[in-house]
Undergrad: 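Please read through the structure below; I'll follow up with questions.
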Amino acid sequence: MARILAIESSCDETAAAVIEDETRVLSSVIASQFSVHGKYGGVVPELASREHLRAIVPVVREALERASLTWKDLDAVAATSGPGLAGSLLVGLTYAKAIAFATGIPLIAVNHIEGHIHAVILETMQRRGLSGFKPVDFPALALIVSGGHTHLYEVREGGVYRLLGRTRDDAAGEAFDKVAKLLGFGYPGGPVIDRLAPYGDPHSVRFTIARMKGNTLDFSFSGLKTAVLRWVESHDLAGEIEARKRLLRNNPQPSLDEWLLTTPQPTRDLLAGFQHTVIEELLRHAASAAEQNDGVRSLIVSGGVACNSGLRAALTQAATGLPVFFPSAALSTDNAVMIAAAAFPKFRRGEFTSLEIPAEPNLALA
Ligand code: KG4
Ligand code: ZN
């Protein structure tokens, strides 16, 4: 029996989890910093590292307590070493090094994106033996869409990755967050836009995304963000934006009805049109990647934006020609279970890291 404690601190969540033998989740603890960054409309790096420092010891302690374990029950400690915010990564990685040093167990460094991919692989492995179970068949395509990343990879068994395309500017989640901030919906923007988009007409405000020169599997979302900004500038929205900011000041988590009350139909249509455009773009890329790589047998979609209900409904086997695998909502956004899941194959292969390893904000998976 093997147990790995994993720590994730690459952005604005301090998380720790313990997994036993690849798939048994003994505990998962996440301290989110939404309330700290919400009023700034995005993650403030200095505040994030300060919050990680506050949270890291209690979060790891709670992960051990919930698993009813002590340090001596662990076989390895894993941490995200990149990509992410330097000051945030440092807190989790340094704490993991201290645990490895003090207890003598090996340290495993995990790429955050590899973690998002393994969130999906872990959950399909957990369903093995259940009716309706379908394994992820390799080679697979992986579309990772989050606040920091929009990447398309080919994934082969044994942790071999090939980058097929990536965003040249904003990540998909970043586009959701920037549009939400512009319109007074606070941070993070994805979940609010996801809830309001069904109340708008996705074809009333039309946006287009220019086709890429060079690698056609690369993404670009900054033009769409600018198009939304232009639309907002040419419509008189100051009053409703102020009303939403006021609503957020009084209640950091407004209900759907409260959001609808402060969001007139043209803005609902704008949100629906924006979300529709992002989804179409992701869909188009996934379908062309499937077409261009005829050996691939499944599609993994992961990262915070994989929570989006419109994307889940649109990105089906019929649309891409491949069986599609999404993580559960809990494992879509940042967590440490996915880091432990990605660490397990490395543990089995004996891929341990020296305590000298640096945090790497721009660490590439391939
Ligand atoms: O994976 P994640 O927790 O952190 C990063 O690695 O970036 O992703 C967070 C991102 C944010 O940009 C957030 O707005 C977006 O995921 N997000 C969503 C939804 N839930 C979270 N975007 C669209 N629809 C959602 N339901
Ligand atoms: Zn992430």
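All ligand and atom numbering here is 1-based and tracks the order in the structure.
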Undergrad: Which atoms of ligand 1 sit under 4.0 Å from any heavy atom of Pro188?
TA: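 This gives 13 (C), 14 (O) as the contact atoms.
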Undergrad: May I ask you to check whether Asp169 and Ser220 show a side-chain donor-acceptor distance below 3.5 Å?
TA: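 Yes, Ser220 and Asp169 have a side-chain donor paired with an acceptor closer than 3.5 Å.
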Undergrad: So is Phe176 polar-close to ligand 1, meaning N/O to N/O under 3.5 Å?
TA: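 It does not: no N or O of Phe176 is found under 3.5 Å from an N or O of ligand 1.
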Undergrad: Can you pull out the closest protein heavy atom to atom 26 (N) of ligand 1? Residue, atom name and distance to 0.1 Å, please.
TA: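 Residue, atom and distance for the closest contact: Asp194 OD2, 2.9 Å.
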Undergrad: Which is closest to atom 13 (C) of ligand 1 in terms of heavy atoms, Asp334, Val43, Asp177, Val192?
TA: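 That would be Asp177.
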Undergrad: In the protein, which heavy atom is nearest to atom 9 (C) of ligand 1, and how far is it?
TA: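 Atom 9 (C) of ligand 1 sits closest to the protein heavy atom Gly147 N, 3.8 Å.
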Undergrad: For the Zn ion (ligand 2), what is the closest N, O or S atom on Asp334?
TA: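 Of the nitrogen, oxygen and sulfur atoms in Asp334, the Zn ion (ligand 2) lies nearest to OD1.
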Undergrad: What are the atoms of ligand 1, with element, lying closer than 4.0 Å to any heavy atom of Gly173?
TA: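 In order of numbering, the contacting atoms are 12 (O).
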Undergrad: Identify, by atom number and element, the atoms of ligand 1 in contact range of Gly148, meaning under 4.0 Å from any of its heavy atoms.
TA: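 Ligand 1 atoms under the 4.0 Å threshold to Gly148: 7 (O).
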Undergrad: Near Val305, which atoms of ligand 1 are under 4.0 Å from a heavy atom of that residue?
TA: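 In order of numbering, the contacting atoms are 16 (O), 18 (C), 22 (N).
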Undergrad: Within rounding of 10°, what is the angle whose vertex is the Zn ion (ligand 2) and whose arms end at NE2 of His116 and NE2 of His112?
TA: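 Computed angle, vertex at the Zn ion (ligand 2), rounded to 10 degrees: 90°.
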Undergrad: Is there a donor-acceptor contact under 3.5 Å linking the side chains of Thr23 and Gln126?
TA: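 Note: Thr23 and Gln126 side chains miss the donor-acceptor criterion.
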Undergrad: Heavy atoms only: which of Gly190, Ala306, Gly310 lies closest to atom 25 (C) of ligand 1?
TA: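 The nearest heavy atom belongs to Gly190.
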Undergrad: Do Ile19 and Arg3 touch side chain to side chain, with heavy atoms closer than 4.5 Å?
TA: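 A side-chain contact under 4.5 Å is absent here.
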Undergrad: Quick one about Arg168 and Asn215 (side-chain donor to acceptor, distance below 3.5 Å, no hydrogens or angles considered), yes or no?
TA: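 No.
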Undergrad: Is it true that the side chains of Ser10 and His112 contain a donor and an acceptor less than 3.5 Å apart?
TA: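 The criterion, which ignores hydrogens and geometry beyond distance, is satisfied for His112 and Ser10.
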Undergrad: Judged on heavy-atom distance to atom 8 (O) of ligand 1, which of Ser309, Gly304, Gly42 sits nearest?
TA: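 Comparing heavy atoms across Ser309, Gly304, Gly42, the nearest one to atom 8 (O) of ligand 1 lies in Gly304.
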Undergrad: His151 and Tyr153: aromatic ring centres closer than 6.0 Å?
TA: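 Centroid separation for His151 and Tyr153: below 6.0 Å.
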Undergrad: By number and element, which atoms of ligand 1 are closer than 4.0 Å to a non-hydrogen atom of Gly189?
TA: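 Counting atoms of ligand 1 from 1, those under 4.0 Å from Gly189 are 14 (O).
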Undergrad: What do you reckon, does His112 put a non-hydrogen atom under 4.0 Å from ligand 1?
TA: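 Yes.
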Undergrad: Is the closest heavy-atom distance from His116 to ligand 1 below 4.0 Å?
TA: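 Contact present.
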Undergrad: Work out whether the distance between some heavy atom of Cys11 and some atom of ligand 1 is less than 4.0 Å.
TA: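 Outside the 4.0 Å threshold, so no.
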Undergrad: Using ring centroids (six-membered ring only for Trp), state whether Trp259 and Phe185 fall under 6.0 Å.
TA: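 Here the rings of Trp259 and Phe185 have centres that are less than 6.0 Å from each other.
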Undergrad: Provide, to 0.1 Å, the distance between atom 24 (N) of ligand 1 and the closest protein heavy atom, together with that atom's residue and name.
TA: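 Here the nearest protein heavy atom works out to Asn308 ND2, 3.0 Å.
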Undergrad: Does a donor on one side chain and an acceptor on the other come within less than 3.5 Å for Tyr161 and Glu154?
TA: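 Distance-only check fails for Tyr161 and Glu154.
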Undergrad: Is a donor from one side chain sitting under 3.5 angstrom from an acceptor on the other, for Asp170 and Ser222?
TA: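 No pair is found: no donor N or O on one side chain lies under 3.5 Å from an acceptor on the other.
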Undergrad: With a 6.0 Å cut-off on ring centres, are His116 and His149 close enough?
TA: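 No: the rings miss the under 6.0 Å criterion.
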Undergrad: Could you tell me whether a side-chain N or O of Ser298 sits under 3.5 Å from a main-chain N or O of Asp137, the two making a donor and an acceptor?
TA: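 At least one qualifying donor-acceptor pair exists.
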